[in-house]
Amino acid sequence: MFTLLVRRADESIDLTVIRRGSDGCLASAESRTLEQDELGEAVRQGERDATRWVWDDTARWYPRLLSAGVFVERCVDLRLVHAILRASAFTRGSAIHASPRGPYDTPQAPAVDGSALFVVEPESLPDALGEFLAQRDAIEASPERARLELLATAESTGALIAAEMRHAGIPWSASRHDELLTAALGPRPPAGERPLRLLEALAEIRAALGSPDLNPDSPTDLIRALRAAGLQVSSTRQWELKSLEHPVIEPLLRYKKMQRLLVANGWTWLDAWVRDGRFRPEYVPAAAATGRWGTSGGGALQLPKAVRGAVVADPGHALVVADASQLEPRILTALSGDTAMARAGSGDLYEGIVATGAVATRSEAKVAMLGAMYGATQGDGGRLMPRLTRAFPRAIALVEDAARVGEAGGVVSTLLGRTSPPPGAGSEELPPEMGRPDVDRGMRAWGRFTRNFVVQGTAAEWALCWMGILRRSLAERYGRGPDAPHLVFFLHDEVVVHSPEAVAAEVAGLVESAAAEAGRLLFGAAPVRFPVTVATVQAYSEAK
DNA sequence: CAAGAGGGCGCG
DNA sequence: AAAGCGCGCCCTCTTG
């Protein structure tokens, strides 16, 4: 059932098969030692027996296996599961619950380039067998065992997917990217110089402000120059500048937009991050406390719409781009069992809310829903909340309860048992005396965090299940070959599959049915739909 | 010279 | 339009 892999200091590998004994407890059944170059074949062999591999950190093991052409179907990522179980309200009473920080409470190992020669893999984290058995104890003794099992599996499968997506890479056309940049900024300038369009905007800004040496990248200098020109600004943010009437505003906003594109996703970015037609960001599962993933390198979480035209399928291939429509409100609907909101979500959720008469327009419905999930207190979001509460009392009560728990210093949990950190666990201690305005403000902010945690965190669980199911159905139907359709990008509620054109339509269907199956897996027969918008395109920019 | 804070902005 | 959540990464400016 489980096979533990442990790397020793001399780079040899202990492989330990773990079985359930006659007493029902798990224990190591047999053990052998491998040399580094025997690992691939051993894993290949184990895959034929549906092994679930247990290792300390997927990022330390899987990239090199992938480079050797070895796929892994199932694993347990001890580090990721440890973090869940240690914090989870569902494991109270277990040895792991609230245990002191230890070696498994470390960040994911930085991903090594699997193809690199002479990589010395570090020794595994200590006592992996003991850690694994403690995790099994915590899960099996939990009153919410089924949910924790699902979460642990989904989280570990996510780690496999993260490594596989980095291995595959996002198909990226450097020439198309260069064309986009040239159209927006002017031709690529020599190193250290600004592109033409940026120089033009800069000259206009300096002329309009009568400040020939101004550096608009310095907020301090810019704000001083704007004030000298008679503009009463408190910041240099776009939204504040937009409301002003002055000749400098148009070129300044134009400059800011171009400068952002240049420094964040310009030619330097292209040189640094795109190799052989692929962009390979490092994905970091559970980088956020809510379980959402982060990325490291290249800003893959923030790929601007402006460069998505450079994400182009290989010849004979297509990109199947899918995003879950209105995911977080639908998650809230299912979590709370709010039947009125479920009815409103039979089609477009926001239109459905308008149809109940709670608000007048679709955009009001959207602002009100976001306000409810984020804890808006002012503006349109805050103003519309009471109407939403009247129309959907159960859904709103769920987030209000989560907020009150957070404000009182408590913890909240997602559907599957990921639990919020206690306040102050991260960086600074909260000041001791209650009643101080800054303390109250801090606790209200923490309440907004826990309010959002249950929704965002459960949505992240749904997304993990969606991807895991999709990965399995793709592998079952098309195998793992180099030309089989495969995931290349994931962004909270959106996936991209790179697929041969001939099967792209079929892949789109699998993406949709995986979403429906994820909904059933988490919420059973609850009458909540999880529709996805799927587009089969040549370039990412053509979707949506 | 490096690290960190703060402003700003891209994404969901 | 921000506001109210979650990120990563750029720039400038201050501090050690």
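So that the names make sense, note that chain A is the first sequence line, chain B the second, and so on, each numbered from 1. Note that the coordinates shown come from a computational prediction; the quantities given were computed from them, not determined experimentally. Only this structure's heavy atoms are used, side chains among them; waters, hydrogens and symmetry mates stay out.
- Under a cut-off of 6.0 angstrom, the local environment of CG in A:Asp276 is sparse, with at most 12 non-hydrogen atoms contributed by other residues, nucleotides or ligands.
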Where do A:Lys366 and A:Asp380 land on the salt bridge (charged side-chain N to carboxylate O under 4.0 Å, His left out) test, with the steps shown first?
CA-CA 10 Å; A:Lys366 186 171 180 174; A:Asp380 290 346; over 6 Å; no
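- Between the CD1 atom of A:Ile223 and the P atom of C:dC11 there is a distance of 20 Å, given to the nearest Å.
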Please lay out, stage by stage, how A:Glu407 and A:Arg404 fare under the test salt bridge (charged side-chain N to carboxylate O under 4.0 Å, His left out).
CA-CA 5 Å; A:Glu407 283 171 8; A:Arg404 278 194 289 272; over 6 Å; no
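- Side-chain to base pairing of A:Gln302 with C:dG8: one donor and one acceptor N or O lie within less than 3.5 Å of each other.
- With B:dC9, C:dC10, C:dG4 as the candidates, the nucleotide lying closest to the side chain of A:Gln238 is B:dC9.
- A:Lys257 has its NZ atom 15 Å from the C1' atom of C:dC10, to the nearest Å.
- Here C:dC5 presents its P atom at 16 Å from CE of A:Met369, a figure rounded to the nearest Å.
- When all heavy atoms are compared, the tightest approach of A:Phe90 to A:Leu415 is CE1-O, 3.9 Å.
- Among the heavy atoms of the strands, none lies under 4.0 Å from A:Ala264.
- The heavy-atom pair separating A:Arg448 from A:Tyr374 by the smallest distance is CD-O, 3.6 Å.
- Of the candidates C:dG8, C:dA3, C:dG6, C:dA3 carries the atom nearest the A:Val367 side chain, counting heavy atoms from C-beta on.
- Atom C1' of nucleotide C:dG4 and atom CD of A:Glu328 are separated by 12 Å, given to the nearest angstrom.
- Here A:Thr295 does not reach the OP1 or OP2 of C:dG8: none of its side-chain N or O atoms lies under 4.0 Å away.
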Donor-acceptor contacts under 3.5 Å from residues 211-218 of chain A side chains, at least two apart:
| residue | atom | partner | partner atom | Å |
| --- | --- | --- | --- | --- |
| A:Asn215 | OD1 | A:Asp217 | N | 2.9 |
| A:Asp217 | OD1 | A:Tyr255 | OH | 3.0 |
| A:Asp217 | OD2 | A:Tyr255 | OH | 3.3 |
| A:Asp217 | OD2 | A:Gln259 | NE2 | 3.4 |
| A:Ser218 | OG | A:Asp221 | N | 3.3 |

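- Among the atoms of the strands shown, base atoms are found under 4.0 Å from some heavy atom of A:Asp380.
- Rounded to whole Å, the distance from CZ on A:Arg194 to C1' on C:dC11 is 12 Å.
- The residue A:Gly371 sits close to a base: some heavy atom pair falls under 4.0 Å.
- Checking C:dC13, C:dG6, C:dG4 against the side-chain heavy atoms of A:His492 singles out C:dG6 as nearest.
- The phosphate of B:dG10 has neither OP1 nor OP2 within less than 4.0 Å of any side-chain N or O from A:Asn265.
- At the heavy-atom level, A:Gly297 lies under 4.0 Å from the strands shown only through sugar-phosphate atoms.
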I'd like a table of atom pairs between the protein and nucleotides 3-7 of chain B - only N or O on both sides, under 3.5 Å - with the distance next to each one.
none

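- In the set C:dC9, C:dG6, C:dT12, the nucleotide with an atom closest to the side chain of A:Phe449 is C:dG6.
- If you check every strand for non-hydrogen atoms under 4.0 Å, A:Arg308 touches sugar and phosphate atoms only.
- Ring orientation note: the planes of A:Phe523 and A:Phe530 are close to parallel, at an angle under 30° on the 30°/60° scale.
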Decide yes or no on side chain to side chain contact (heavy atoms under 4.5 Å, CB included) for A:Asn452 and A:Glu328, but give the supporting numbers first.
CA-CA 10 Å; A:Asn452 186 247; A:Glu328 293 196 355; 4.3 Å; yes
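- In the set B:dG10, B:dG12, C:dC11, the nucleotide with an atom closest to the side chain of A:Val263 is C:dC11.
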Both distances under 3.5 Å, Watson-Crick or G-U wobble: on that basis, could you give the dot-bracket string for DNA chain C, with [ ] for crossing pairs and | for other-strand partners?
....||||||||||||
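- At a threshold of 4.0 angstrom between heavy atoms, the contacts of A:Ser243 with the nucleic acid are absent.
- For the pair A:Lys256 NZ and B:dG8 P, the interatomic distance rounds to 7 Å; values are reported in whole Å.
- Side-chain atoms of A:Arg451 and base atoms of C:dG4 include no donor and acceptor less than 3.5 Å apart.
- Residue order along DNA chain C, read from the 5' end via each residue's closest nucleotide, puts A:Ser296 first among A:Thr220 and A:Ser296.
- Regarding A:Met258, its CE atom lies at a distance of 17 Å from the C1' atom of C:dC10, rounded to whole Å.
- Under the 4.0 Å criterion applied to side-chain N and carboxylate O atoms, A:Glu542 and A:Arg308 are not assigned as salt-bridge partners.
- Closest non-hydrogen pair, A:Pro63 versus A:Thr58, comes out as CD-O, 3.5 Å.
- Among C:dG6, C:dC13, C:dG8, the nucleotide with an atom closest to any side-chain atom of A:Ser218 is C:dC13.
- Between the CG atom of A:Leu241 and the P atom of C:dA1 there is a distance of 12 Å, rounded to whole Å.
- Taking all atoms of both residues into account, the shortest heavy-atom contact from A:Arg330 to A:Val528 is O-CG1, 3.6 Å.
- Taking only side-chain atoms of A:Arg448, from C-beta outward, the nucleotide of B:dC11, C:dC5, C:dG8 with the closest atom is C:dC5.
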